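Okay, so here's the structure we're looking at.
The structure displayed is predicted, hence computed values, not measured ones. All residue numbers in this chain count up from 1 along the given sequence. Counting starts at 1 for both ligands and their atoms, following the listed order.
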Amino acid sequence: MEDFIFSRDFVLQMDARDPLSYFRRHYHFPHHNGVNALYFAGNSLGLQPKTARAKLEQELDDWADFGVEGHFKAKHPWVNYHEMFSTPLGRIIGAHPEEIVVMNGLTTNLHLLMVSFYRPTPDRFKVLVESKAFPSDQYAVDSQVRFHGYDPEKAIIEVSPRDGEHTIREEDIIENINKHGDELALVFIGGVNYYSGQYFDIQSITKEAKRVGARVGWDLAHAAGNVPLRMHDWEADFAAWCSYKYLNSGPGSISGVFVHKQHHGQTDIPRFEGWWGHDKNRRFEMEPKFYPIPTAEAWQLSNAPVFSMATHRAALDLFDEAGIEALRLKSMKLTNYLEQMLKEISRDNDVFEVITPEDPERRGAQLSVLTHGHGKELFDKLTAKGVIADWREPNVIRLAPVPMYNSFQDIFDLGMILKDLVS
Ligand SMILES: *Cc1c(COP(=O)(O)O)cnc(C)c1O
């Protein structure tokens with residue numbers, strides 16, 4: 001059995017049976033020595049959908065042909081270009097269309113959302129975060145705390161893995177939520193941790209945090225397009241994500257935001273406002289008073305950056321075609337296969353170990369490989385062999401088998417290279 005699983009015949013069968021295997025052909029792969037590289041970095045920058053160019057050219061053509069009139073005359077009028085995203089993203093995030101808006105970059109959006117949902121008072125000013133959060137999230141939270149005049153040392157509660165462990169126990173998060181209960185203003189965690197690949201139980205953490213009266217926000221940068229989500233039903237207050245990781249929409253492309261319906265149409269919510277959040281029917285009346293759109297669009301400041309949105313559309317069309325549930329099914333199989341492969345390779349030596357949770361429900365399409373010495377050397381050798389992965393100091397190689405375009409064969413090929421390098 002073992003031998004069979006690690007054979008070319010096995011992966012060929014798995015790929016032949018994979019209903020999504022065709023999607024790979026919709027993406028451009030970087031080349032290495034004239035052949036496709038083995039791409040396992042889709043959690044850093046997703047590959048380019050081949051349809052992205054035509055979508056972008058459409059907007060360039062419409063700009064050339066119509067100038068300013070493109071706002072209304074373009075094939076997809078720019079004035080409400082952003083509205084095209086609410087439904088397809090709603091399927092990915094598990095939200096009603098009116099709970100979604102695309103705008104800005106991710107960190108910008110985290111700040112805008114914290115303006116509304118981190119409202120500390122002297123009694124309730126603390127923020128609970130996961131340790132080793134993405135640095136930008138740490139800077140954002142830290143600066144928000146200082147902006148309100150509080151001391152990050154006292155205000156920020158970091159929950160860490162226990163000694164000798166690599167992932168955070170959910171019971172420890174919940175215990176801290178209860179311990180700081182009355183003082184907790186916000187719980188803000190990455191849905192899937194970028195470093196370990198741990199997928200938190202968003203539903204139960206959200207529930208516990210709301211029970212003690214805190215607001216709850218999620219950074220879904222590594223979760224959106226990776227795992228199926230139900231942000232509306234799970235009753236998170238807000239979430240934000242970028243579109244260039246699993247969502248394949250291009251470097252620095254537009255971010256997305258979720259604001260739960262219960263916060264729409266509120267007049268007493270502090271918010272930084274701009275004309276694109278103002279009542280659409282009266283937008284061009286340029287009146288002094290702001291009438292917020294009664295949806296997540298109230299948080300929108302500016303008119304749509306259509307070029308980055310054009311590539312985002314190309315990418316989301318493919319998600320709609322594949323379906324997030326089918327992608328998740330394949331993802332679990334791919335990640336399991338990679339895990340077995342890595343275990344097999346490291347069985348008789350102590351070169352590395354996987355620190356991502358073993359439970360398939362608690363991880364997405366990523367395995368983080370903790371190397372025991374010479375990690376960077378191993379990573380560089382992989383790169384030289386045409387494997388594009390991701391190195392995180394001091395000693396972790398992140399590998400993302402992305403169900404949209406990676407195959408079982410990719411994992412087999414990676415395994416053969418890795419086996420050769422460690423022996
Ligand atoms: C990728 C990522 C970011 C990047 O932020 P940008 O504002 O898009 O540069 C932030 N937070 C997390 C958790 C990420 O994974």
Contact atoms of ligand 1, heavy-atom distance to Lys245 under 4.0 Å: 1 (C), 2 (C), 3 (C), 14 (C), 15 (O)
The closest protein heavy-atom partner of atom 3 (C) of ligand 1 is Phe134 CE2, 3.3 Å
Close-contact set for ligand 1 against Thr107 heavy atoms, below 4.0 Å: 5 (O), 6 (P), 7 (O)
With heavy atoms of His222 as the reference, note each atom of ligand 1 found under 4.0 Å away. 15 (O)
Report the part of Leu106 (side chain from C-beta onward, or backbone N, CA, C, O) that has a heavy atom under 4.0 Å from ligand 1; answer both or neither where that applies. both
Side chain of Asn248, backbone of Tyr244: donor and acceptor closer than 3.5 Å? no
Which of the atoms in ligand 1, numbered in the order shown and given with their element, are less than 4.0 Å from a heavy-atom of Asp219? 11 (N), 12 (C), 13 (C)
What's the verdict on side chain to side chain donor-acceptor pair (under 3.5 Å) for His148 and Arg119, showing C-alpha distance, side-chain angles and the deciding distance? CA-CA 8 Å; His148 286 284; Arg119 287 140 65 185; over 6 Å; no
State whether Tyr337 and Lys333 meet the cation-pi test: NZ (Lys) or CZ (Arg) under 6.0 Å from the six-membered ring centroid, and within 45° of the perpendicular axis. no
Measure from NZ or CZ of Arg282 to the centre of the six-membered ring of Tyr291, then state whether that distance is under 6.0 Å and the direction lies within 45° of the axis. yes
Considering only non-hydrogen protein atoms, determine which one is nearest to atom 11 (N) of ligand 1 and report residue, atom name and distance to 0.1 Å. Asp137 OD1, 2.6 Å
Any donor and acceptor pair, going by atom type alone, linking the side chain of His260 with main-chain N or O of Gln262 inside 3.5 Å? yes
What is the closest protein heavy atom to atom 4 (C) of ligand 1, and at what distance does it sit? Tyr244 OH, 3.1 Å
